[in-house]
2 protein chains.
Amino acid sequence: MGVRIHEVAVRAGVSVATASRALSGQRGVRAENRDRVLAAARELDYEPNAVAAALRSRVTHTIGMIVPRISNPFFATLVEAVEGRLQDGRRSLLLAGSHYDPEVERQQVRSLLDRRVDALVAVPCHQHHSTETIGNAAERVPVTQLDLRVDGFHGDWVGVDNEAGVFQVVDHLAALGAHSLAFVGSHPSDSSAQARLDGYERAAARHAHHSGPVLLGDFSKEWGRQAAEKLMDSEGLPDAVVCGNDTIALGVLAALIERGVRVPEEVMVTGFDDIPYAELSRPALTTVRQPQERLAAEAVRLLTSVMEGEQRPPQRIAVAPDLLVRGSTKR
Amino acid sequence: MGVRIHEVAVRAGVSVATASRALSGQRGVRAENRDRVLAAARELDYEPNAVAAALRSRVTHTIGMIVPRISNPFFATLVEAVEGRLQDGRRSLLLAGSHYDPEVERQQVRSLLDRRVDALVAVPCHQHHSTETIGNAAERVPVTQLDLRVDGFHGDWVGVDNEAGVFQVVDHLAALGAHSLAFVGSHPSDSSAQARLDGYERAAARHAHHSGPVLLGDFSKEWGRQAAEKLMDSEGLPDAVVCGNDTIALGVLAALIERGVRVPEEVMVTGFDDIPYAELSRPALTTVRQPQERLAAEAVRLLTSVMEGEQRPPQRIAVAPDLLVRGSTKR
DNA sequence: TCCGCTACGGAAATCGGTTTCACTTTTGTG
DNA sequence: CACAAAAGTGAAACCGATTTCCGTAGCGGA
């Protein structure tokens, strides 16, 4: 197999202990010996066995991440942003997907912990059924919840202020003169769905409208299509359809346009997330941008601070999102 | 810390060796002892330390994957599909992104190998500059290239038959009466870009057209927009624009429609990949569907067979793609 | 010169499992 | 029933690093 630290030590004429210290850059090694060890390592093309190092030092330099669906562009962007932040150090990312199933999530998290990840970034798939999984994990390693969070467990969380985002949307629509609204979202099984629904109802109330039809399904374009059909089949389309996320909104948009409804003249449509394709639809989608780079950076920062032993109470960081006005709401 | 196998063995009244055998399901343990070990493990909530097991057994049950860009929905879907296939066993995925930089890719692959992944699924970012990295990796662990592949290294590869896909597109356009074509693609720095460009030129020649303008940039929607602007600024739009992938095509589509060009009546547009949002554009995008689930399944199958010691020559599996005809090319 | 302190360096313990090896017990067969 | 083969078991070696522990050398100060 490969060359071991023992060979490096022999070639450098020092003990294994000294070689180890030199390679990990610890102080307590004379410069001359350090240089000879490093030279020997280079000459032999020494590749340290990270598994052995992890066993003894109890640090794997690996962090775990679990998301509901890897292929969702929103989560994929988060994964990329987290991975990018880790690369600075020499850390790697063990990735798992829960497919929105709390039982799968439980097993996946357990598998990550068995592998002794140093910390966990979790986007929990359910605001209630994920609580135990997240809580158990948090007893073993530092955990930061990202984007979504569970109910009944108070730990670090970084996400966007969903209610504020929905408020901006509704204010914007009201300013454009929309009187009747509808909401197409997801059943509140996760914290974002919940917050966006709550935000919508409070915002609509604030503008003294009744909130109009509220249709709840899941975060898919298919559901967006279905919901749009329902709205068109009922009497009187609303002035604007507020959607729980971009995927739904794109489905709604496609269904409306297929049936010849003009957007935004007859009905305005808004999304949430600003996924990469929100700006490519016709009309381009007015939406709420989540600063994912920032979210990921904060999440990694929180984890790192705990891993370095910082003692502090759990933090919840709600980043304010930006409204992006595009063609789907302009007159 | 946690409970170790030693405690489990004591509680079950057997040796550590027997406990290990029982837990890993090896034969050679009396049923009674096996049951007692399993019971003890359950009662103590024993969680095996995968790091220690990996050190001795030299098997990490972890496979590495590197892709050019995690946030690209096409790659994200591949990642999800690969991860899904692994879940069957108790294997996990160490994920890395190269950001299309061969030097970053080299470091990332090295990091994965240091962590002693059992195998590597690689989507190499450059058909030439990635060759050394992939070749070196292949000397250490089984490697399967997925989607893209490097030049000058003959190993397992699973991907789509890009030339066949482009042929289908051009045949379809010709059947609809398109006489003049244009191609908007990426500089052939990766094998798909190369194959699609080659395929386009051969297909166009076969239909006795000259191939028309060929514009090369990168696989981004911005480049699609720019290229469309160039086409519109030159004299005489072609009957159809064949794009190197969906992202470019969506950019082209958006730019054309913004300038009032009717699609497909004046110009038809095609993509490649069938990313999730290809069907949501207006008009919906005619494209070539890559069977990603199938590709991922084949890739994992190839790796698994090598890991199980099968001896065979390197395989190249080119899956035939399907043409999906949508609004952007129908009359 | 002597003493104490710090910096170095090596032998050996350690991390927590798996695997080998030698020995004992069962099982199978003629 | 005798004896070979197979199955079951535990002690100890092992995987390859890091870390502890302790001894030695070098240095500054009294």
Side-chain angles (χ1 to χ4, degrees), chain A residues 1-38 40-41 44-62 90 92 110-111 113-118 140-141, chain B residues 1-38 40-41 44-62 90 111 113-118 140-141:
Chain A
M1 260 289 291
V3 33
R4 296 186 304 275
I5 198 173
H6 179 256
E7 280 94 80
V8 175
V10 168
R11 178 177 250 259
V14 298
S15 72
V16 171
T18 299
S20 171
R21 284 188 275 252
L23 288 167
S24 63
Q26 288 180 48
R27 48 187 230 84
V29 180
R30 222 182 327 167
E32 185 199 332
N33 280 343
R34 175 167 44 70
D35 294 344
R36 291 173 58 186
V37 168
L38 295 181
L44 296 173
D45 194 26
Y46 169 64
E47 300 193 11
N49 184 324
V51 174
L55 174 59
R56 174 63 226 230
S57 67
R58 301 166 157 292
V59 179
T60 55
H61 296 289
T62 298
R90 268 169 295 337
S92 290
R110 183 172 180 127
S111 163
L113 294 179
D114 284 354
R115 289 179 157 72
R116 298 302 191 264
V117 293
D118 296 334
R140 316 257 271 102
V141 296
Chain B
M1 262 288 291
V3 34
R4 297 187 303 275
I5 198 173
H6 180 255
E7 280 94 80
V8 174
V10 169
R11 180 179 250 260
V14 298
S15 72
V16 170
T18 299
S20 171
R21 285 187 276 253
L23 288 166
S24 64
Q26 288 180 50
R27 48 188 231 81
V29 179
R30 223 184 331 160
E32 186 199 330
N33 280 343
R34 175 168 44 70
D35 294 343
R36 290 173 58 187
V37 169
L38 296 180
L44 296 173
D45 194 27
Y46 169 65
E47 298 192 12
N49 183 325
V51 174
L55 175 59
R56 174 64 226 233
S57 67
R58 301 168 158 290
V59 178
T60 55
H61 296 289
T62 299
R90 269 170 294 336
S111 164
L113 294 179
D114 283 353
R115 288 181 159 70
R116 298 301 192 266
V117 294
D118 296 335
R140 316 256 272 100
V141 295

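In what follows, chains carry the letters A, B, and so on, assigned in the order in which the sequence lines appear, proteins first and then strands, with residues in each chain numbered from 1.
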Residues 7-14 of chain A side chain polar contacts: donor-acceptor under 3.5 Å, at least two apart:
residue, atom, partner, partner atom, Å
A:E7, OE1, A:R4, N, 3.0
A:R11, NH1, A:E43, OE1, 2.0

N/O donor-acceptor pair, side chain B:R58 with base D:dG16, under 3.5 angstrom = no
Base of D:dG10 paired with side chain of B:R21 (donor-acceptor, under 3.5 Å) | yes
Below 4.0 Å: OP1/OP2 of [N] and any side-chain N or O of [X]:
| X | N | value |
| --- | --- | --- |
| A:S20 | D:dT18 | yes |
| B:Y46 | C:dG16 | no |
| B:N33 | D:dT9 | yes |
| A:N49 | D:dC15 | no |

Terminal axis angle for the helix from C:dT1-D:dA30 to C:dG30-D:dC1, five pairs an end, nearest 10 degrees = 30°
Run the side-chain donor-acceptor check on residues 19-29 of chain A: report pairs under 3.5 Å with partners two or more places apart or on a different chain.
residue, atom, partner, partner atom, Å
A:S24, OG, A:S20, O, 3.1
A:S24, OG, A:R21, O, 3.4
A:S24, OG, A:Q26, NE2, 3.3

Using atom [atom1] of [X] as one end and atom [atom2] of [N] as the other, report the distance to the nearest whole Å.
| X | N | atom1 | atom2 | value |
| --- | --- | --- | --- | --- |
| B:R4 | C:dG16 | CZ | P | 5 Å |
| B:R30 | D:dA6 | CZ | C1' | 15 Å |
| B:R27 | D:dA7 | CZ | C1' | 8 Å |
| B:D114 | D:dA17 | CG | C1' | 13 Å |
| A:I5 | C:dC15 | CD1 | P | 19 Å |
| B:L55 | D:dA13 | CG | P | 17 Å |
| B:Q26 | D:dG8 | CD | P | 12 Å |
| A:H6 | D:dC15 | NE2 | P | 12 Å |

Does anything in residues 7-15 of chain B reach DNA chain D, meaning a heavy atom under 4.0 Å, and if so which residues?
-> B:V14, B:S15
Tell me, please, which residues at least two apart from A:D118 pass side-chain hydrogen bond (donor to acceptor under 3.5 Å, both in side chains).
-> A:T60
B:T62: what forms a side-chain hydrogen bond (donor to acceptor under 3.5 Å, both in side chains) with it, not counting sequence neighbours?
-> A:R115
Listing, residues 46-56 of chain B side-chain donor-acceptor contacts under 3.5 Å, not counting sequence neighbours, or none:
residue, atom, partner, partner atom, Å
B:E47, OE1, A:R140, NH2, 2.5
B:N49, OD1, B:V51, N, 2.8
B:N49, OD1, B:A52, N, 3.1

Could you check whether B:A53 gets within reach of a base, just the sugar-phosphate, or nothing at all, counting any heavy atom under 4.0 Å?
-> sugar-phosphate
B:V51 near the nucleic acid: base, sugar-phosphate alone, or nothing, with a heavy-atom cut-off under 4.0 Å?
-> nothing
Counting side-chain heavy atoms from CB outward, which of C:dG10, C:dG17, C:dT19 is closest to B:S57?
-> C:dT19
Going by heavy atoms in the side chains, are A:R110 and A:L113 under 4.5 Å from each other?
-> no
side-chain contact (heavy atoms from CB on, under 4.5 Å) filter on A:S57, not counting sequence neighbours, yields A:V59
Who are the salt bridge (Lys or Arg N to Asp or Glu O under 4.0 Å) partners of A:R30, not counting sequence neighbours?
-> none
Identify, between B:A31 and B:R56, the residue whose nearest nucleotide on DNA chain D lies closer to the 5' end.
-> B:A31
